[in-house]
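Accompanying notes for the structure given below.
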Amino acid sequence: MAFERRNLIRWMLGGGFTASLISFLYPVLRFIMPPATAEASVNEAPAGKVQDLKPNTAKIIRFGTRPVLLIRVGETEWKAFSAVCTHLNCTVQYQEARHQIWCACHNGFYDLNGKVVAGPPPNPLEELTVRVRGEELVVSRHV
Amino acid sequence: MSEHDVSSGSPAANGGGIAAWLNERLGLDSVREFIAHKTVPVHSGTVWYYFGGITLFLFVIQVLTGILLLLYYRPTPNEAYESVQFIMTKVQFGWLVRSVHSWSANLMIFFAFVHMFSVAFLHAYRRPREVTWLSGIVLLGLALGFGFSGYLLPWNTISYFATKVGTDVAAGVPWIGEHLARFLRGGDDVGGAALTRFFGFHVAVLPGITTLCLLLHLTLVQRFGISSPPQVEKACRERGVPVPQMPFFPNFFLRELMAWYAALGILGALAALFPWELGEKADPFASAPAGIRPEWYFLAPFYTLKLIPSHVWIFDGELVGVAGFALLALWWTSLPFWAVKAGGTLRTRLVTGTGVGLIAYLSVFSLLGYWR
């Protein structure tokens, strides 16, 4: 009888302690995980003027909060890709001599269609559309 | 209470001055007694016993210089780089304090590795020191955590991209990876929230956990004493003599003190002759520069990730890399549990082979990561 009572008290104390611990830890765990912020959906962004880039050169432009690589392939041909390497999140750059996109972090190469040609990136770069409106360039997501 | 009771606690009443007064209240006699009987084994490998102390000494320097840097550092993307620049160019001896902090961090990790491998090769992890080994491995992991979190704080280009890569590696952990990466970054990408978090980890979370682990590690070292290598124990047993010992105090302590002075000399020379550079301010909308690489102690995994193709059989290459590092770390951490056979025989060759293999991998891949 005494043993049962002791067992009951042990369970109650243990259960109470565990419940208290959970009630302390749960808010802490929820607190340390950052809240999901709804990123303003950007479908189009200005990319500067046509004359800002010479053929076979590139620059990084802002597309909302993301970097985008804008490449002037030829006089009238433009390309734009997400500048975030699909391997480990580094920002890529255009290699003029090789006519390829290069990630300096782990030596990944993409061609001018965004496809992986060498190195560890697992997926192609997301391609965006470039439009010329007069003298202005506009980059937008593929519909 | 009578006047007599009150005066009996004064130094004069005890007749021994301040030391006796303190002894009565703190029980210093027992500490003195403990130190008087503490000994250190003397053999051809005794020199390796100094490296744990050197690592501890460098950790103390880290704490002291870190506190000094805290007086000026500001953990926001708009001010972090400028505040470190201010420390290095305007604050008197600021360049030296920051350089000592950076160099001692690197030396501390180097000597922690030396200490770990010396413990493995001297087989000091054997029963009953398994928990001492485990607490040491946790401390090494915490030291790497200090390095990773502190690296971002100057908010320069190299540190920014190293953190992007590092947190993305964390995202590759199966099931919990995305949550882990979000927890580390404080959001979807490396930005102001990540900087604030890393600052919090670096100056509050990690120091708190490290202090507890360090206390446990040092308590266990005192509890079980310093281990003699099995071959020394065996040779002495065959000759019917005990393993030669030297008193910890003053003999070993004064030698350790000289080792600390030597470490301080090396640290001072490196900090003064090769001041730690600040680099360019991080720009989230700039490409990762050519030649980008992490700190030397992350070079081996960095180069390995470079070599692994995008897909290995049906698995993602990054996942294979992360799994490989995890298995390697687990294998090494569990050393005390596979190093000794059920009958008590030591797997000396396997331990030495694993240790040498690990050193070879870390050295070769770090050098390749640096040069290529």
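Since the model is a prediction, treat every value here as computed from it, not as a measurement. Only this structure's heavy atoms are used, side chains among them; waters, hydrogens and symmetry mates stay out. Throughout, protein chains are lettered first and strands after them, A, B, ... in sequence-line order, and every chain is numbered starting at 1.
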Side chain, backbone, both or neither of [X] within contact of chain A (heavy atoms, under 4.5 Å):
X      : result
B/P294 : neither
B/R185 : side chain
B/Y160 : neither
B/A171 : neither

Please check: side-chain N/O of B/R182 versus main-chain N/O of A/P34, any donor-acceptor pairing under 3.5 Å?
yes

In terms of heavy-atom pairs under 4.5 Å with chain B, the winner among A/I32, A/V68, A/N107 is A/I32

Using a cut-off of under 4.5 Å on heavy-atom pairs, state which of A/A118, A/C90, A/P121, A/G108 scores highest against chain B.
A/C90

For atom [atom1] of [X], decide whether the heavy atoms of other residues, nucleotides or ligands shown that lie under 6.0 angstrom number more than 12.
X      : atom1 : result
B/H179 : NE2   : no
A/Q95  : CD    : yes
B/E277 : CD    : no
B/F274 : CZ    : no
A/F109 : CZ    : yes

Can you check whether A/R66 reaches B/D189 side chain to side chain, under 4.5 Å on heavy atoms?
yes

Does A/P120 reach the side chain of B/E318, with side-chain heavy atoms less than 4.5 Å apart?
no

How far does [atom1] of [X] sit from [atom2] of [Y], to the nearest 0.5 angstrom?
X      : Y      : atom1 : atom2 : result
B/F161 : A/C85  : CZ    : SG    : 11.0 Å
A/N89  : B/K164 : CG    : NZ    : 4.5 Å
B/I292 : A/H106 : CD1   : NE2   : 9.5 Å

Checked B/A290, B/G317, B/P309 vs chain A; the most non-hydrogen pairs under 4.5 Å come from B/A290

Take A/L88 and B/L305, measure what side-chain contact (heavy atoms from CB on, under 4.5 Å) needs, and give me the verdict at the end.
CA-CA 10 Å; A/L88 286 171; B/L305 284 174; 3.8 Å; yes

For A/L69, which atoms come within 4.5 Å of any heavy atom of chain B: side chain, backbone, both, or neither?
neither

Closest non-hydrogen atoms of A/I60 and B/F285, given as atom of the first, atom of the second and distance, are CG2-O, 3.3 Å

Compare every heavy atom of A/A104 with every heavy atom of B/P289, then report the nearest pair and how far apart it is.
O-CB, 3.2 Å

Residues at least two apart in sequence or cross-chain that pass salt bridge (Lys or Arg N to Asp or Glu O under 4.0 Å) with B/R197, listed by chain then number, are none

